[in-house]
Amino acid sequence: MNGGPSVELRRSRGARVLALVCVLGGVLLLVYPSDGALLRTIIAVGAIALGAVALVSALRPFRFGIHADGLTIRRPGLRRDIRWADVGALVLDEPPRRDGRPEPPRLLLVPAPGVPLEPVTARHPIDGRPAIELLVLDQVREQPDQVSAALTRYAGGRFVDLLALRRAAFDTPDLPVGLRGYHMDRVDRLIRRGQDALMSGDAATRQAARGEIERASAAGLPIAQRGYHTFQTDTVLDALVAALADQQSTDRETAT
């Protein structure tokens, strides 16, 4: 692992801004009464209460430091100093999309053998080992590649950037969405299955993923009222099947 100055991640301003908007919006509703005053008052009080809770949370102490000795974390729900010797694996991952919308990346920690783990809040996305969710990256201003660079520098081989590995294995374009398209969650699961198979380095896993995608396409992917455009999705899935087949051909050539 390399040395150098420590890296301090900066808290995102987004939650603070949203909380202030809720509070100010509620105050304006109270200040300018009109017809339906009771309903407006209920909405205003709810907005102010919600904004106040969010603002209190956003103003709580926050620190996420990455340095030569390990990690220093001070955030709501987790206050801990973690030495690199106590880390079995660090994984930067992105949860599966929901209705076509990407989820913010998250940083997971799997402890070294014998190191107590509390609380278990996640699982390693590849092998299922118990893990702690250290950080959701929408909480900080730094981009995923900046966080990845800092962790690569200090954590060395303990750190795996699954975001970058998936892109390198098969970079999926943003699929257009429209009426009467393929069910988005089903398509996203198939793409993730293929990407993870390409990353695995295992021929049997790639063959199984290729077969699953081919069977799903042959049977006809489910149609949703709002979903991915069929032609573009078919093109992406065909390219993914071809990538899985190419690696299997390479495996056979290597074996001979």
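Scope of the values below: all heavy atoms of this structure, side chains included, with no hydrogens, waters or symmetry mates. Bear in mind the structure is a predicted one, so any value in this text is a computation, not a measurement. Residue numbers run from 1 in the order of the sequence given.
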Checklist entry - Given Leu108 and His124, is the side-chain contact (heavy atoms from CB on, under 4.5 Å) satisfied, shown in steps? => result CA-CA 7 Å; Leu108 307 178; His124 191 291; over 6 Å; no
Next on the checklist: Tell me every residue that passes side chain to side chain donor-acceptor pair (under 3.5 Å) with Ser148, counting only those two or more places apart in sequence or in another chain.
Outcome noted: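 By the side chain to side chain donor-acceptor pair (under 3.5 Å) rule, Ser148 matches Asp161.
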Item to check | Under the side chain to side chain donor-acceptor pair (under 3.5 Å) test, residues paired with Arg129 that sit two or more places apart | outcome: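 Counting only residues at least two positions away or on another chain, Arg129 forms a side chain to side chain donor-acceptor pair (under 3.5 Å) with Asp127.
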What pairs with [X] under salt bridge (charged side-chain N to carboxylate O under 4.0 Å, His left out), at least two apart in sequence or on another chain?
X: Arg97; answer: Asp174
X: Arg79; answer: none
X: Arg180; answer: none
X: Asp171; answer: none

Would you mind listing every salt bridge (charged side-chain N to carboxylate O under 4.0 Å, His left out) that reaches into [range], with sequence neighbours excluded?
range: residues 103-115; answer: Arg106-Glu133
range: residues 214-225; answer: Arg210-Glu214
range: residues 62-72; answer: Glu8-Arg63

Next on the checklist: Taking side-chain hydrogen bond (donor to acceptor under 3.5 Å, both in side chains) as the cut-off, I'd like each qualifying pair that reaches into residues 221-234, sequence neighbours left out, listed once.
Outcome noted: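 Checked against side-chain hydrogen bond (donor to acceptor under 3.5 Å, both in side chains) - neighbours excluded - the pairs reaching residues 221-234 are Tyr182-Asp234, Asp188-Tyr228.
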Checklist entry - Of all residues at least two apart in sequence or in a different chain, which pass the side-chain contact (heavy atoms from CB on, under 4.5 Å) check with Arg83? => result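 Once residues adjacent in sequence are excluded, the partners of Arg83 under the side-chain contact (heavy atoms from CB on, under 4.5 Å) criterion are Asp86.
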Checklist entry - Taking only residues two or more places apart in sequence or in another chain, which ones pass side-chain contact (heavy atoms from CB on, under 4.5 Å) with Pro111? => result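 Checked Pro111 against side-chain contact (heavy atoms from CB on, under 4.5 Å); matches are Leu109, Val115, Leu117.
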In Å, rounded to the nearest 0.5 Å, how long is the span from [atom1] of [X] to [atom2] of [Y]?
X: Leu78; Y: Leu135; atom1: CG; atom2: CG; result: 9.5 Å
X: Leu237; Y: Ile213; atom1: CG; atom2: CD1; result: 6.5 Å
X: Ser200; Y: Gln195; atom1: OG; atom2: CD; result: 12.5 Å

Item to check | Minimum heavy-atom distance between Arg192 and Pro95, given as atom pair plus value | outcome: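 Closest approach of Arg192 to Pro95, heavy atoms only: NH2-O, 3.7 Å.
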